[in-house]
Number of protein chains: 2
Amino acid sequence: MSNDPLSPADPPARRRLSADERRSQILATARRLFVEEGVENVSMRRIAALAGVTPTLIYHHFADKESLLLAVCQNFFRGLIDASEAAMAAVPETEVPFGRLRRLMEGYVEFGLANPDVYRLVFMTKLAGLKREKMPSGHRPHPAEPALPEDQGFGLRAFGLLEGEIRRLIESGHLRQDDACAMAEVVWATGHGIVSLLITHGDFQWTPVDRLISLSIDTILSGIAR
Amino acid sequence: MSNDPLSPADPPARRRLSADERRSQILATARRLFVEEGVENVSMRRIAALAGVTPTLIYHHFADKESLLLAVCQNFFRGLIDASEAAMAAVPETEVPFGRLRRLMEGYVEFGLANPDVYRLVFMTKLAGLKREKMPSGHRPHPAEPALPEDQGFGLRAFGLLEGEIRRLIESGHLRQDDACAMAEVVWATGHGIVSLLITHGDFQWTPVDRLISLSIDTILSGIAR
DNA sequence: GTGATAACTTTACAGTGTTAAATTACCCGG
DNA sequence: CCGGGTAATTTAACACTGTAAAGTTATCAC
């Protein structure tokens with residue numbers, strides 16, 4: 001009962017932090033709030049308060065709310081990549097041909113459903129204005145902040161894992177189509193379809209979640225198989 | 001060049017309108033703005049201004065911004081149902097077995113891509129608070145406003161079309177699974193995956209859209225086929 | 001110690017969704 | 001035809017949002 005879930009993270013431990021420390025602290029606070037309450041229910045003021053800091057300070061570390069979001073997204077991608085690599089490593093190549101791909105898809109879906117809010121952020125939100133070079137004018141601006149490139153990097157790397165596995169299946173003659181990139185997109189679209197459907201329409205009726213997932217994966221795998 | 005796209009719809013034609021007329025007029029204005037500029041870039045004040053009306057008046061016809069949105073969604077479902085029925089009617093039953101289902105999926109994807117913003121609204125947005133009985137307290141409140149039930153009705157009806165076709169395929173022994181509802185969900189998830197992926201990540205690299213779509217549909221159809 | 005500089009606040013603005021209370025314009029019975 | 005009653009609409013305000021300019025303070029190198 002002692003946890004009203006929202007109280008200043010570290011009670012006035014240190015007052016002045018290094019830029020990096022502050023940045024991570026703000027980021028952590030924001031991530032927590034975003035995930036717990038949904039992005040649009042969280043104001044910069046609340047993030048600031050919970051981080052024990054002034055709203056304006058956030059703008060010295062992040063260009064605006066969207067950038068803050070974006071930074072959270074990058075963590076998401078790193079997590080996804082880790083999960084994917086773990087999934088791949090868990091199934092030896094010598095296994096039944098589609099074992100690794102299946103595990104990869106399962107991992108993707110699990111990961112998405114385990115982080116629904118960030119998933120929505122990353123994959124279901126426009127987030128598109130792209131805000132290129134909008135940095136605040138006054139004061140010294142934020143350090144580096146690669147904005148898009150970096151996280152595209154992470155995203156592409158995650159996609160690359162999928163594409164690689166597909167390519168392997170093509171080379172061993174197991175697929176009916178030989179355009180690895182296109183097939184990877186098809187497979188991804190399927191995984192994304194499941195996750196995003198369950199995220200926004202999880203409440204309702206529906207076939208039991210586990211069954212729907214495995215049915216979908218079975219179906220798509222048998223659809224791409226030669 | 002005479003069209004700065006946003007000017008009062010009917011310049012002070014009639015001043016006082018009947019409740020129904022006003023409701024539709026506001027709805028039309030909102031729909032236009034939502035679709036043209038994205039929901040969160042449109043304020044109640046702007047809708048009101050464009051409709052030649054006061055912000056407050058909107059709240060006498062709709063509970064809040066979300067309800068306004070919801071009303072727009074219902075139109076979307078009606079459109080989807082029409083498109084689906086047209087698709088079904090266009091392919092005679094005597095055709096090749098999967099002809100109608102394929103056309104149905106194509107129709108779904110086309111429709112989604114033709115109305116990306118409303119699609120996002122309906123299928124990719126939480127929209128979940130559900131706001132049950134939140135109506136404003138003052139004044140006479142809005143007429144009826146079935147809130148959720150009605151539009152779930154439309155949504156279910158659309159889903160029913162898909163499920164029906166699947167059921168037909170099961171009965172004629174063309175599918176490898178016989179759970180019509182589950183298979184319909186699997187198929188829907190695929191369609192949704194394509195649409196939502198293209199909506200949020202249409203800009204990028206990707207296989208040409210048309211190819212990705214037909215490849216996906218081919219794949220899922222051959223995945224469910226016996 | 002003293003300054004430069006990085007970290008942080010104060011204060012303010014313009015805009016948002018929303019509502020209570022007041023005001024109009026219209027219609028209908030006398 | 002005209003005076004209420006009521007439905008349609010507005011005025012004014014609240015509590016909030018993201019964001020910015022300018023000012024203040026702590027810390028660290030010398």
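It should be emphasised that the depicted structure is a prediction, and the values quoted were computed from it without experimental measurement. Naming convention: chains lettered A, B, ... in sequence-line order (proteins, then strands); numbering from 1 in each chain.
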Check: Do A:Leu212 and A:Leu198 have side chains that get closer than 4.5 Å, going by heavy atoms?
Finding: yes
B:Ile47 CD1 to C:dG17 C1', in whole Å, measures 11 Å
Between the base of C:dT19 and the side chain of B:Thr56, is there a donor-acceptor distance below 3.5 Å? yes
A:Asn41 CG to C:dG17 P, in whole Å, measures 15 Å
Donor-acceptor contacts under 3.5 Å from residues 186-193 of chain A side chains, at least two apart:
residue: A:Trp188; atom: NE1; partner: A:Tyr108; partner atom: OH; Å: 2.8
residue: A:Thr190; atom: OG1; partner: A:Val186; partner atom: O; Å: 3.1
residue: A:His192; atom: ND1; partner: A:Tyr119; partner atom: OH; Å: 2.7
residue: A:His192; atom: NE2; partner: B:Ser196; partner atom: OG; Å: 2.7

Separation of C:dA7 atom P from A:Gln25 atom CD, nearest Å, is 14 Å
Separation of C:dT19 atom C1' from B:Phe62 atom CZ, nearest Å, is 18 Å
Review point. Any side-chain N or O of B:Ser43 under 4.0 Å from OP1/OP2 of C:dT16?
Key: yes
Practice problem: Mark yes or no for a side-chain to base donor-acceptor pair under 3.5 Å between B:Arg45 and C:dG15, with no hydrogen or angle criteria applied. | Solution: no
Paired with B:Ile58, the side chain to side chain contact (heavy atoms under 4.5 Å, CB included) test is passed by just one of B:Leu27, B:Ile47, B:Asp64, namely B:Ile47
To the nearest angstrom, the CD1-P distance between B:Ile58 and C:dT18 comes to 10 Å
As a check of understanding: the bend across the helix from C:dG1-D:dC30 to C:dG30-D:dC1, end axes from five pairs, rounded to 10 degrees, works out to 10°
Rounded to whole Å, the CG-P distance (A:Leu57 to C:dA7) equals 9 Å
inquiry  = Are A:Ile217 and A:Ile213 packed together at the side-chain level, in the sense that at least one heavy-atom pair is separated by less than 4.5 angstrom?
reply    = yes
Going by an N to O cut-off under 4.0 Å, is there a salt bridge joining A:Arg211 and B:Glu185? no
Take B:Phe111 and B:Phe76 through the test ring pair (Phe, Tyr, Trp, His ring centres under 6.0 Å) and record every step on the way to the result.
-> CA-CA 10 Å; B:Phe111 189 79; B:Phe76 172 86; 5.2 Å; yes
When rounded to whole Å, the NE2 to P distance for the pair A:His60 and C:dT9 reads 10 Å
Only one of A:Arg46, A:Arg31, A:Arg32 passes salt bridge (Lys or Arg N to Asp or Glu O under 4.0 Å) with A:Glu37, and that residue is A:Arg46
key: B:Tyr59 vs C:dT18: side-chain N/O to OP1/OP2 distance below 4.0 Å   = yes
Here the distance between atom C1' of C:dT18 and atom NE2 of B:His61, to the nearest Å, is 16 Å
>> Quick check on C:dC8: is either OP1 or OP2 less than 4.0 Å from any side-chain nitrogen or oxygen of A:Arg22?
In response: yes
